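Right, one structure below, let's go through it.
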Amino acid sequence: LARMNGYLAAQFSGAAAQGVSSGDAIRIVEETAREVLPEGYTIEWVGQAYHEKRIGASSATAFGFGILMMFLILAALYERWSLPIAVVLAVPYAFLGAMTAIWLRGTPNDIYFQIGLLVLIGLTAKNAILIVEFAKDLMEKGEDALHAATHAVRLRLRPILMTSLAFGLGVLPLVYAHGAGSGAQNAIGVGVFGGMVTGTILCVAFVPVFYVVVARLGHLEDKKKAQ
């Protein structure tokens with residue numbers, strides 16, 4: 001007799017259908033079990049499903065800590081609390097692109113895709129940092145915030161495009177992978193590629209705007225402190 005945690009048990013194995021995430025599959029099984037199983041019967045998870053249930057919302061916690069660490073490191077680098085905000089505000093654009101990409105491709109939002117989102121935090125911040133860092137240096141040389149931001153974009157546009165293209169082309173094999181293990185590769189590749197495309201385009205367009213707003217607000221705050 002098979003037992004689990006001391007109780008008589010019957011083990012069933014299955015996999016999520018095409019286009020259904022593992023989290024949705026777990027939820028559907030649990031809802032079905034509550035409706036169908038008689039009193040005194042329950043279900044428990046083993047293997048990958050058990051670990052996914054155990055970690056629960058830890059992916060959201062990882063995203064939060066990732067953004068927090070990036071903010072604190074940039075605050076120490078710039079020696080200001082305001083400038084890192086211009087970098088952090090670029091991250092949601094990458095998430096938007098990643099979510100749109102998996103929706104268009106029909107890729108599930110699973111643990112592999114969430115790992116790709118963590119990668120996007122660093123990649124998107126890298127592009128924003130290039131712009132903010134040069135704009136900050138130009139302001140210290142006497143330029144106003146608007147001219148410093150536009151000048152920084154012109155100076156760093158080529159490096160941003162080169163590194164983004166190199167990374168995007170590098171993950172294309174994951175996007176079109178097939179065969180054994182291709183599901184995990186597709187989930188990471190599609191999400192990261194979509195996020196990299198939108199993150200690069202919108203970063204170049206909006207990070208200078210964020211920088212100008214944040215820099216001017218910081219300048220006004222410095223004036224008030226001086227007075």
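In this text the structure is predicted, and so the values were computed from the model without any measurement.
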* Asked: Under 4.5 Å between side-chain heavy atoms, hopping through other hydrophobics if needed: is there a path connecting Phe134 to Leu89?
  -> no
Would you tabulate the side-chain donor-acceptor contacts of residues 146-156 under 3.5 Å, counting partners in other chains and residues two or more places apart, or write 'none'?
residue	atom	partner	partner atom	Å
His147	ND1	Asp144	OD1	2.6
His147	ND1	Asp144	OD2	3.1
Thr150	OG1	Leu146	O	3.1
Thr150	OG1	His147	O	3.1
His151	ND1	Glu143	OE2	3.3

For Pro208 and Cys203 the tightest heavy-atom approach is CD-O, 3.7 Å
Apart from Met4 itself, members of its ILVMFWY cluster (side-chain separation under 4.5 Å) are Val46
What one should report as the nearest heavy-atom pair of Ala145 and Val212 is O-CG2, 3.7 Å
Residues pairing under side chain to side chain donor-acceptor pair (under 3.5 Å) where one sits in residues 128-140, two or more places apart or in two chains, turn out to be Lys136-Glu140
Do Leu130 and Val197 share a hydrophobic cluster (ILVMFWY, side-chain heavy atoms under 4.5 Å, transitive)? yes
Mind listing the side-chain donor-acceptor pairs of residues 164-178 below 3.5 Å, one per line with the distance, residues two or more places apart or on another chain?
residue	atom	partner	partner atom	Å
Ser164	OG	Asn127	ND2	3.4
Ser164	OG	Ile160	O	2.8
Ser164	OG	Thr200	OG1	3.0

Residues at least two apart in sequence or cross-chain that pass side-chain contact (heavy atoms from CB on, under 4.5 Å) with Leu96, listed by chain then number, are Thr100
Excluding Ile115, membership of its hydrophobic cluster (Ile, Leu, Val, Met, Phe, Trp, Tyr; side-chain heavy atoms within less than 4.5 Å) reads none
Residues passing the side-chain hydrogen bond (donor to acceptor under 3.5 Å, both in side chains) test with Arg105, sequence neighbours excluded, are none
- Examine Leu161 and Ile201 and state if one hydrophobic cluster contains both, with Ile, Leu, Val, Met, Phe, Trp and Tyr joined whenever side-chain heavy atoms are less than 4.5 Å apart. yes
CD1 of Ile188 to CD1 of Ile102, rounded to nearest 0.5 Å, is 12.5 Å
When rounded to the nearest 0.5 Å, the distance separating OG1 of Thr198 from CE of Met196 is 8.5 Å
Sorted by chain and number, sequence neighbours left out, side-chain contact (heavy atoms from CB on, under 4.5 Å) with Ala98 holds for Phe113, Leu117, Leu120
Using distance only, find each side-chain donor-acceptor pair of residues 32-39 under 3.5 Å and give its atom names and separation, not counting sequence neighbours.
residue	atom	partner	partner atom	Å
Thr32	OG1	Ile28	O	2.8

| message | Within the 4.5 Å heavy-atom criterion, are Ile121 and Phe95 side-chain neighbours or not? | response | yes
By side-chain contact (heavy atoms from CB on, under 4.5 Å), Trp45 pairs with (sequence neighbours left out) Ile26, Val29, Glu30, Ile43, Ala49, Tyr50, Lys53
Applying ring pair (Phe, Tyr, Trp, His ring centres under 6.0 Å) to Phe206 and not counting sequence neighbours gives Tyr93
Rounding to 0.5 Å, atoms CG (Leu8) and OH (Tyr41) come to a distance of 8.5 Å
Atom pairs and distances, donor-acceptor, side-chain atoms in residues 63-71, under 3.5 Å, two or more places apart:
none

In this structure, CG of Leu118 is separated from CG of Leu123 (nearest 0.5 Å) by 11.0 Å
The residue among Ile129, Ile85, Val88 that forms side-chain contact (heavy atoms from CB on, under 4.5 Å) with Leu74 is Ile129
Minimal heavy-atom distance between Thr124 and Ala90, with the atoms involved, is CG2-O, 3.3 Å
- Query: Counting only heavy atoms not in Arg158, do more than 12 fall under 6.0 Å of its CZ?
  - Reply: no
